[in-house]
Amino acid sequence: MNFGFSFFVGYRYWRAKKANAFASFITLFAVSGIFLGVAALIIVSSVMNGLEGQLKQRILGAVPQLTLVNPQGFENWQQDTQILLDDVNLTHSIKGITPSTSTQAMLQSNANLGAAQVIGVFPELENGLSSIVDHSYSDAFNSLKAGDYHIVLGSQLARNLQVRTGDKIRLLSSEGVVYSPLGPVPSQRKFVVAGVFEMGSQVDASVAYVHYEDAKRLMRKNPQVIDELRVYLTDPFDVERISSDIVSLLESQQLPVETKDWRADFGHLFSAVKMEKNMMSLMLSLIVAVAAFNIVSALVMMVVDKTTDVAVLKTQGLTTSAVMNIFIVQGSLNALLGLGLGTVVGVILTLNVNEILNTLGVSILGAGQSLPVQLSISQLTVIVLGTLLITLVATIYPALRAARVEPANALRYE
């Protein structure tokens, strides 16, 4: 007898009205558990993906993702960057490379003091690469000119300093310190606030932008020397592999460089988000696991009810594996029903979660803000296959119990 017969019998058992009402309840509970678990996994995972993607855009789009440092300076940085952009292993991983420099500085206004990372860039080279360009007000970022000593502040930093566009602030850099008889004197210069940018993240309170040459002069360095290159990545989370490939490639060109990346400042934040996402997925997966145990209970009850039927089938030549397949099919159909409903409902709710919340008048993040949602096909596939695997494993024990039925003992009193 082939699998077709086992499937037919298993399907008939699945469709038939259960003689044991409690077994029917357990089966309904198992299907409902799989349905709720899968739907919840899809929704929560998509929201967590959206949160991670939003943080990636709002934070890593505003700070250097990967920086190449050559203390002696790059003699021809355009040629060096072209080597990287032409490499087959890097061409799809790098969006662009621009000169950059940064320093930790104290910012002093008439009303307050604040600390920030001051980043020096060439604004004309940042278009299409830096997120700051699209999130600065009144085109402030492009107004940075060498020698004008203009600065673009994060919105929260500007509020803390109580300054507006056109106000002057003093920058004191920890680099370029001059030692005098009175002690060390930090490099300092007055800058004019050209505008503000707003990314909607913590960088608004800790980052400021100036022109590259103005930053170099603030640090008392030669503004014509390019000793740092800022690398924009397609996927900042792939920075470890990319930095290793870049170092190897440049060393083969007799150009030793050092690297530093976003993980030094923000790695702990994204690690916490990743851990939270994994823990949420684990907790919701337990719902599916509990539902799988309920499938075991329901199938064991079914085996007890169908012991006589199994014995008759075995006396007619049904093999042990065929008996197992009958109950595996029955349990798998319950799992597929819950999985199918959970997947459909989960995807629909995920794609319309903000509209549903607005209709219900619920605002989780506050008025005017919507939940970030990013449905991942690969993650959806893992959820579906993982649920199938768990439920398939859950059917093995009841199926083995049915396969061990001895026809002589089962039919002795029939």
Novice: Is there a side-chain contact between Gln330 and Ile326, using heavy atoms and a 4.5 Å cut-off?
Specialist: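 Sidechains of Ile326 and Gln330: no contact.
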Novice: Can you name the closest pair of heavy atoms from Ala208 and Leu157 and give their distance?
Specialist: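 Nearest pair, atom of Ala208 first, then Leu157: CB-CD2, 4.4 Å.
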Novice: For the OG1 atom of Thr103 and the CE atom of Met219, what is their distance to the nearest 0.5 Å?
Specialist: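 The OG1 atom of Thr103 sits 5.5 Å away from the CE atom of Met219.
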Novice: Would you please test Ile226 and Phe122 for side chain to side chain contact (heavy atoms under 4.5 Å, CB included) and show each step?
Specialist: CA-CA 11 Å; Ile226 306 295; Phe122 290 98; 4.2 Å; yes
Novice: Mind checking salt bridge (charged side-chain N to carboxylate O under 4.0 Å, His left out) for Asp80 and listing every partner two or more places apart, or none if nothing turns up?
Specialist: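 Result, salt bridge (charged side-chain N to carboxylate O under 4.0 Å, His left out) vs Asp80: none returned.
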Novice: Quick one: pull up CG in Asp86 and OG1 in Thr81 and give me the separation to the nearest 0.5 Å.
Specialist: 9.0 Å
Novice: Take Thr259 and Val239 through the test side chain to side chain contact (heavy atoms under 4.5 Å, CB included) and record every step on the way to the result.
Specialist: CA-CA 10 Å; Thr259 63; Val239 65; over 6 Å; no
Novice: Going by heavy atoms in the side chains, are Ile246 and Ile242 under 4.5 Å from each other?
Specialist: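 With C-beta onward as the side chain, the pair touches.
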Novice: Step by step, work out the side chain to side chain contact (heavy atoms under 4.5 Å, CB included) result for Glu228 and Val69.
Specialist: CA-CA 5 Å; Glu228 292 186 14; Val69 182; 4.1 Å; yes
Novice: Flag the pair Phe327 / Arg401 as yes when at least one side-chain heavy-atom distance between them is below 4.5 Å, and no otherwise.
Specialist: no
Novice: Within a radius of less than 6.0 Å around CD of Glu75, do more than 12 heavy atoms belonging to other residues, nucleotides or ligands occur?
Specialist: no
Novice: Should Asp139 and Ser143 count as side-chain neighbours, where that means a heavy-atom distance under 4.5 Å?
Specialist: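 Heavy-atom side-chain distance check fails, nothing below 4.5 Å.
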Novice: Would you say Thr91's side chain and Val88's backbone share a donor-acceptor pair under 3.5 angstrom?
Specialist: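 Not confirmed, Thr91 side chain does not pair with Val88 backbone.
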Novice: Once rounded to the nearest 0.5 Å, what's the spacing between atom CZ of Arg189 and atom CG of Leu172?
Specialist: 12.0 Å
Novice: Considering non-hydrogen atoms only, spot the tightest contact between Val203 and Ala62 and give its length.
Specialist: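 Looks like CG2-CB, 3.9 Å.
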Novice: Return yes when atom CZ of Phe270 has more than 12 non-hydrogen atoms of other residues, nucleotides or ligands closer than 6.0 Å, and no otherwise.
Specialist: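 Enclosed.
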Novice: Output all residues satisfying side-chain hydrogen bond (donor to acceptor under 3.5 Å, both in side chains) with Thr98, sequence neighbours left out; order by chain, then residue number.
Specialist: Glu126
Novice: Could you walk me through whether Val290 and Asn294 satisfy the side chain to side chain contact (heavy atoms under 4.5 Å, CB included) test, starting with their C-alpha distance in whole Å, then the side-chain angles of each, then the deciding distance to 0.1 Å, before giving a yes or no?
Specialist: CA-CA 6 Å; Val290 171; Asn294 289 328; 4.2 Å; yes
Novice: Quick one: are Val353 and Leu357 in side-chain contact, heavy atoms under 4.5 Å?
Specialist: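 Sidechains of Leu357 and Val353: in contact.
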Novice: Please check if the number of heavy atoms outside Gln253 that lie under 6.0 Å from its CD is greater than 12.
Specialist: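 Buried by this count: over 12 neighbours within 6.0 Å.
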Novice: Sequence neighbours excluded, which residues qualify as side-chain hydrogen bond (donor to acceptor under 3.5 Å, both in side chains) partners of Asp204?
Specialist: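 Counting only residues at least two positions away or on another chain, Asp204 forms no side-chain hydrogen bond (donor to acceptor under 3.5 Å, both in side chains).
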Novice: Is Arg159 close to Ser155 at the side-chain level, that is, under 4.5 Å between some pair of heavy atoms?
Specialist: yes
Novice: Between Glu251 and Pro256, what is the shortest heavy-atom contact and its length?
Specialist: CG-CA, 4.4 Å
Novice: What's the separation between atom OG in Ser243 and atom CZ in Arg263, rounded to the nearest 0.5 Å?
Specialist: 6.0 Å
Novice: Only pairs at least two apart or in different chains count here, so list each side chain to side chain donor-acceptor pair (under 3.5 Å) that has a residue in residues 342-362.
Specialist: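 Listed by first then second residue: nothing to list.
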Novice: Quick check: do Val347 and Leu380 have side-chain heavy atoms less than 4.5 Å from each other?
Specialist: yes
Novice: For Gln72, what residues pass the side-chain hydrogen bond (donor to acceptor under 3.5 Å, both in side chains) criterion, not counting sequence neighbours?
Specialist: none
Novice: What heavy-atom pair brings Val133 and Asn142 nearest, and what distance separates the two atoms?
Specialist: CG1-ND2, 4.4 Å
Novice: Which residues pass the side-chain hydrogen bond (donor to acceptor under 3.5 Å, both in side chains) test with Ser93, sequence neighbours left out?
Specialist: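 Once residues adjacent in sequence are excluded, the partners of Ser93 under the side-chain hydrogen bond (donor to acceptor under 3.5 Å, both in side chains) criterion are Arg241.
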Novice: How about Phe191 and His150: are their ring centroids closer than 6.0 Å?
Specialist: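 Between Phe191 and His150, the centre distance exceeds or equals 6.0 Å.
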Novice: Please walk me through it: do Phe197 and Phe141 pass ring-ring contact (aromatic ring centres under 6.0 Å, His included)?
Specialist: CA-CA 8 Å; Phe197 67 86; Phe141 191 80; 8.3 Å; no
Novice: Does a side chain donor of either Lys168 or Asn110 reach within less than 3.5 Å of an acceptor in the other side chain?
Specialist: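 There is no such pair between these side chains.
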Novice: Would you indicate whether the side-chain heavy atoms of Phe237 and Lys274 approach each other to under 4.5 Å?
Specialist: no
